[in-house]
There are 2 protein chains.
Amino acid sequence: MRLTTKGRFAVTAMMDIALRDAAGPVSLASVSERQKISLSYLEQLFGKLRRVNLVDSMRGPGGGYSIAQPLNQVTIADIVHAVDERLDATQCSGREDCQGEHRCMTHELWTTLNAKMFEYLASVTLGELVEQQRQKLAVQPVPVAIRDKRPRRRNSREKAVAAA
Amino acid sequence: MRLTTKGRFAVTAMMDIALRDAAGPVSLASVSERQKISLSYLEQLFGKLRRVNLVDSMRGPGGGYSIAQPLNQVTIADIVHAVDERLDATQCSGREDCQGEHRCMTHELWTTLNAKMFEYLASVTLGELVEQQRQKLAVQPVPVAIRDKRPRRRNSREKAVAAA
DNA sequence: TCAATAACCTAGTAATTCTGTCAACTATAC
DNA sequence: GTATAGTTGACAGAATTACTAGGTTATTGA
């Protein structure tokens, strides 16, 4: 369970789509523009997300991606896991034949935290995050075309949190 | 709050030291051998850990590192934060002058999960992990010199957890 | 059937992570 | 003192990962 920009971009993009796909598939180009993530990179990430059936794709004009499963069945761990290939800080790669004091030591040392992190991310669903976003933004999932273009102010307090 | 092998190696090494430094400072060379992490890399990581006063160093023969603070005051977030320089998935870098719909959207989208992850890692202390390790390993913190060299069997069940 | 749109694919470049090596510097043991 | 075991710091290079660029294929509408 690794956690880098890659996984974060994937989660951000999935949330962006989840907030809008009630009106039909969302194109990566629009996600790219809104979230300021390079289109090529998004395409790579969504190739992986599609392969594990987290999203459905539609080609052609008006096409794009939509979330393939109910929002509260998709966990953050699912998303991160799909794009941020798993990370192994042990020497034995978690194999059953891991023996000998040194290797087992490494193995044991890491598994506890690893499991905790994974369980935590697996307990948070996309649906929950999206719901929280809706409340924060006070924005309904409207089509992009009729979206209000006026800039909005952010409420402060986020600096400390963002700095983490 | 980024989480990669770098942070994990740091946590693993800190746990290794915490388990043994009752008998005096622990050398990085021995940590390197036990945990199979390159000595050079450990030196880089511990340079950072020392600069934020998470560890004390003693030079000369018999020297090495020891944990500088009470084990249950050191959180995993402290360790990861010291070596895995913080990661920013927003465009505005969390600045106060973040305005305009697009940037704020990215900003808002990420802060929630970011904060949750950080809070979680900040709630886990090195002391707790070490205690769990002690119980799992059933090993007392004895000096390396009189350590039992016989290989030990690992209990199974860890595969699924390690695979995450 | 042509043009536009958007997914899909492949290869390359940039950045990061990790290892190896070398040269100080320091405390302890003899 | 002198040798030795150890930390500290700097740097270069290999390996991996993150990201970009450009092209190809499928679908829609005129």
Side-chain angles (χ1 to χ4, degrees), chain A residues 2-13 17 20-21 24-33 35-66 68 80 82-91 93 106 144-145, chain B residues 2-10 12-13 17 21 24-33 35-52 55-66 68 80 82-89 91 143-145:
Chain A
R2 151 192 277 169
L3 196 60
T4 68
T5 43
K6 204 170 179 178
R8 307 203 164 199
F9 285 154
V11 172
T12 301
I17 291 175
R20 295 163 205 277
D21 72 351
V26 180
S27 77
L28 289 190
S30 72
V31 175
S32 166
E33 199 187 328
Q35 306 302 333
K36 296 284 182 289
I37 305 170
S38 107
L39 178 57
S40 315
Y41 200 32
L42 281 175
E43 284 168 348
Q44 280 183 28
L45 300 182
F46 275 75
K48 294 182 178 182
L49 293 172
R50 190 174 51 83
R51 261 166 246 136
V52 297
N53 291 315
L54 283 175
V55 293
D56 286 330
S57 67
M58 307 256 294
R59 290 183 154 198
Y65 288 91
S66 52
V80 172
V83 299
D84 251 344
E85 52 283 340
R86 76 179 123 298
L87 158 97
D88 191 9
T90 64
Q91 299 314 116
S93 309
T106 311
V144 176
Chain B
R2 156 191 275 167
L3 194 61
T4 67
T5 43
K6 203 170 179 178
R8 308 205 160 197
F9 284 153
T12 300
I17 290 174
D21 72 351
V26 180
S27 76
L28 288 190
S30 72
V31 175
S32 166
E33 198 188 327
Q35 306 302 333
K36 297 281 180 290
I37 305 170
S38 98
L39 178 57
S40 319
Y41 200 33
L42 282 175
E43 284 166 349
Q44 286 180 31
L45 299 181
F46 274 75
K48 295 183 178 183
L49 293 172
R50 191 174 54 83
R51 260 167 246 135
V52 297
V55 294
D56 285 331
S57 66
M58 308 255 295
R59 292 181 155 200
Y65 287 91
S66 53
V80 172
V83 299
D84 249 344
E85 53 283 339
R86 77 180 121 297
L87 158 98
D88 190 9
Q91 299 313 116
V144 177

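Letters go in sequence order (proteins before strands), and every chain restarts at 1. All figures in this text were calculated on a predicted structure; none of them were measured in a lab.
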Does anything in residues 37-46 of chain B pair up under salt bridge (charged side-chain N to carboxylate O under 4.0 Å, His left out), and if so which pairs, sequence neighbours excluded?
-> none
Just grab all the salt bridge (charged side-chain N to carboxylate O under 4.0 Å, His left out) pairs involving residues 56-65 of chain A, residues at least two apart or on different chains.
-> none
Integer-rounded Å distance: [N] [atom2] and [X] [atom1]:
X: A:Leu42; N: D:dA18; atom1: CG; atom2: C1'; result: 13 Å
X: A:Asp21; N: C:dA7; atom1: CG; atom2: P; result: 13 Å
X: A:Lys48; N: C:dC8; atom1: NZ; atom2: P; result: 15 Å
X: B:Leu28; N: D:dT7; atom1: CG; atom2: P; result: 5 Å
X: A:Leu45; N: D:dT17; atom1: CG; atom2: P; result: 15 Å
X: B:Arg8; N: C:dT17; atom1: CZ; atom2: P; result: 14 Å

Show the distances under 3.5 angstrom between N or O atoms of the protein and N or O atoms of nucleotides 24-27 of chain C.
unit_1: C:dC25; atom_1: O2; unit_2: B:Arg59; atom_2: NH1; d: 3.3
unit_1: C:dT26; atom_1: O4'; unit_2: B:Arg59; atom_2: NH1; d: 3.1

Return the set of residues passing side-chain contact (heavy atoms from CB on, under 4.5 Å) with B:Arg50 (not counting sequence neighbours), or none when no residue passes.
-> B:Val55, B:Ser57, B:Tyr65
When you get a sec, tell me which of D:dT7, C:dC18, D:dA18 is the closest nucleotide to the side chain of B:Ser27?
-> D:dT7
For the side chain of A:Ser57, counting heavy atoms from C-beta on, which of C:dT17, C:dA7, D:dT7 is nearest?
-> C:dA7
For C:dA6, does either OP1 or OP2 sit under 4.0 Å from a side-chain N or O belonging to A:Arg50?
-> no
Name the nucleic acid region contacted by A:Tyr65, choosing base, sugar-phosphate or nothing; use a 4.0 angstrom heavy-atom cut-off, strictly under.
-> sugar-phosphate
Taking only nitrogen or oxygen atoms into account, show me every contact under 3.5 Å that the protein makes with nucleotides 19-22 of chain C, one pair per line with its distance.
unit_1: C:dT19; atom_1: OP2; unit_2: B:Ser38; atom_2: N; d: 3.4
unit_1: C:dT19; atom_1: OP2; unit_2: B:Ser38; atom_2: OG; d: 3.1
unit_1: C:dT19; atom_1: O4; unit_2: B:Gln44; atom_2: NE2; d: 3.0
unit_1: C:dG20; atom_1: N7; unit_2: B:Ser40; atom_2: OG; d: 2.6

Smallest separation among heavy atoms of B:Ala82 and B:Val52, with atom names | CB-CG2, 3.8 Å
Heavy atoms, side chains only, cut-off 4.5 Å: are B:Phe46 and B:Val31 in contact?
-> no
Report the end-to-end axis angle of the helix from C:dT1-D:dA30 to C:dC30-D:dG1; each axis comes from five terminal pairs, and the value is rounded to 10°.
-> 10°
